[in-house]
Amino acid sequence: MSTADTAPNADKLTNTRYTETRLDHTGTQEWDTWTDNIFQAGWSHKCPTYINRTPPCQGSCPSGEDIRGWLDIMRGMEKPTHEGMSRDEYAFQRSTDANPFPSIMGRVCPAPCEDGCNRNELDDNVGINSVEQYIGDNAKTEGYKFKTAEQDSGKKVAIIGGGPAGLAAAYQLRRIGHACTVFDDHAELGGMMMYGIPGYRVPRDVLHHEMNRIVEMGVEVKLNTRIGTDVTVEDLEKDYDALLWAIGCKEGRGLPIDGFDEAPNCISGVAFLEAFNDGRLQVSSEKVVCIGGGDTSIDVASVARRLGNITNIAEKDFAENVVLGHTAHDVADSANKDGADVTLLSRSSIENMPAAQHEIDDALREGVTIIGCVSPIAVVKDDNGRATALRVVKLEADGKTPIEGSEYDIEATLIVSAIGQKGDMAGIEQMDNGHGFIDGDAHYQVKGKPGHFLAGDIVRPHLLTTAIGQASIAAESIHHYFTHGDEEMRKRPKVDKHTFSLEKKMGDTGLAPEASPVHGHSSVRGTDDADFAIHNYENRSSNDIISHDKLFLGHFEYEPRHVRETIDVESDEVLGHFAERLVALSEDDIVSESKRCMSCGMCFECDNCVIYCPQDAVKKTPKAQSTTGRYVYTDYDLCIGCHICKDVCPTGYIDMGLGD
Ligand SMILES: Cc1cc2nc3c(=O)[nH]c(=O)nc-3n(C[C@H](O)[C@H](O)[C@H](O)COP(=O)(O)OP(=O)(O)OC[C@H]3O[C@@H](n4cnc5c(N)ncnc54)[C@H](O)[C@@H]3O)c2cc1C
Ligand code: SF4
Ligand code: SF4
């Protein structure tokens, strides 16, 4: 076993607490003397006010998940608002508001949220996607469902492509009452989740469950149907009120070198993985050379090692004939299989390869040979035109400059290019921007085509979470199109969607403010006792991401992260090893891990401000009126503006702003 993620910061963990308080970057205090800056009763006009800001975890999650919110729920701080709802179902609802695939994200999202987490400044990031995996896996066990809108809008959307972008868009559109039909040219939904990523990384029962839960919302699905050939775009325009292009990038780019396009045993990585994932390809080849360095190339190399090779295999069963659809392997006899010799080549050095370090380590352990700083220059062929080797040149450490005279050949029976993908535009050439993508604007509307929207890899190939985040924004744009026609949409905010809403929370907990008597631009005076406003609170979450220097890190003790383990597969065990390798954390570990979250930008009920206020001006909100973000209030008759509450607030929720 080893750990799935990077090791925690060991030297920080030998201590127990962050010792600095409010220091500036030079290590000196922000102020010279305490009396000058704390006891300001004679003249201070500033009192605390409560500011909701977005934590950087959410700011770095391309789906925009309210991570702080679902961690708060999992640790038991934020309680379910509905009678009979469990903690886990409430966390599931919060997480899937932005992203309906928690089990899949928890397994294969590279978790940019964790890189952004403020806790990295203290000891080590919160293990966000291990908690997300728990939320998703538990929802599967418990059979939680998604809700649709109570009323249908009467509008119909054609979604072209049933990958993560198309399905996430269908989910968001059904929640607001729009009918959807998903068209996909495969026999099954899922896009690259089904036909790219191997089952030992995304188990198929998990994938089917998370996709079916969306389809059960009343999504119509038309499989084996290609738009552009089986159904025309014009027909869709006639039959539907809007079209969403979520067609991904399934056409692999070949190597731009002599001989690649002509040799039959030179193929693309996505074609190789598709043949494996739909069950046709059951044996790889004797000497596989894969060129890339990113996720796809690692998947190709790992699958090739698992499939192995059969010596003296019939020509009709050569891997390329299966990949190109000329034939399919019968159930291959594993007893006859040997290990395939797999080499992965990258232009960058091994340390700088785009794939995650733990993936590179796994591939090496599983027996893949990785060579960095080389570039392919030609395919060497035999008299029949088959590739027998790949000619490469060594590069300087910059990964760009060829070293003269360093060319050499690497023997190959199968050459796989995994250097990038583009959209398959056959039959829909009118959508192509000339580079194999579709051009859209910031609202994910197709440029120059009203009623056409887009999301996912066809915008720019990236991650599952990116495709899902874009789908959510595209669904909002489609809704705007239905309700406001072609009226221009507002500029998108910096933090785009799914931020915590105190107004919603108060509504859900029966604490919604009364209807406002103020209309238009008129104003009323003396509103401090009025119940139609949320007092002394500002929601800056759509623009303000709270950085670690706004927190009081000294409040938190060092605590190692609960790290998921992975089952290590050694080179001599890899043949035929298709079991999942990631081991989920236990429920206890998940709760403890959630407690490591510092709740950046939102009160987490630590009581520091209540305890340390010298005037007893900060008080706990009476239980019946208390909810997330409304746990304390200030009696402004007693407040002298000393700002101790702000200084001891661990989460940066308090600003001395009132009266400014
Ligand atoms: C091998 C591989 C491994 C990856 N690993 C990871 C990972 O570990 N983590 C991660 O976050 N991301 C990973 N990614 C990236 C991720 O899979 C993509 O970003 C994501 O799937 C894009 O979603 P999408 O819905 O835009 O497109 P897709 O998933 O490609 O789905 C598009 C669907 O539309 C269909 N389609 C296309 N044209 C038409 C048409 N004309 N008519 C009807 N249907 C059509 C396609 O066949 C496909 O089913 C990986 C990608 C690959 C290729
Ligand atoms: S989808 Fe990815 S980035 Fe977003 S919360 Fe989950 S693991 Fe983090
Ligand atoms: S500590 Fe919690 S709220 Fe802060 S960035 Fe990390 S996960 Fe997000």
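Remember, it's 1-based here, ligands and their atoms both numbered in the order they're listed. In what follows, every heavy atom counts, from backbone to side chain, and hydrogens, waters and symmetry copies are set aside.
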Which segment of Pro461 sits under 4.0 Å of ligand 1 when only heavy atoms are counted:
neither
Which bit of Ile160 gets closer than 4.0 Å to ligand 1, counting heavy atoms only: side chain, backbone, both or neither?
side chain
Closer than 2.8 Å to atom 4 (Fe) of ligand 3, which protein N, O or S atoms?
Cys600 SG
For ligand 1, does Met192 get within less than 4.0 Å through its side chain, its backbone, both, or neither, judged by non-hydrogen atoms?
both
List the residues meeting salt bridge (Lys or Arg N to Asp or Glu O under 4.0 Å) with Lys156, not counting sequence neighbours, and say none if there are none.
none
Only distances under 3.5 Å count here; give the side-chain donor-acceptor pairs of residues 243-254 to other protein atoms, sequence neighbours excluded, each with its distance to 0.1 Å.
residue, atom, partner, partner atom, Å
Trp245, NE1, His452, ND1, 3.1
Lys250, NZ, Asp185, OD2, 2.9

Ligand 1 contact on Pro164 by region, counting heavy-atom pairs under 4.0 Å
both
Does ligand 1 have a heavy atom under 4.0 Å from the side chain of Gln421, from its backbone, from both, or from neither?
side chain
Applying a 4.0 Å heavy-atom criterion (strictly less than), which segment of Arg201 is in contact with ligand 1: side chain, backbone, both, or neither?
side chain
Does only the side chain of Leu273 get under 4.0 Å from ligand 1, or the backbone, or both, or neither? Count heavy atoms.
side chain
Pull up every protein N/O/S atom sitting under 2.8 Å from atom 2 (Fe) of ligand 2, skipping waters.
Cys109 SG
Lys/Arg N to Asp/Glu carboxylate O, Arg53 vs Asp655, below 4.0 Å
yes
May I ask you to decide if the ring planes of Phe183 and Tyr240 are parallel, tilted or perpendicular, using 30° and 60° as cut-offs?
perpendicular
Which of Arg201, Arg564, Arg107 passes salt bridge (charged side-chain N to carboxylate O under 4.0 Å, His left out) with Glu580? It is Arg107
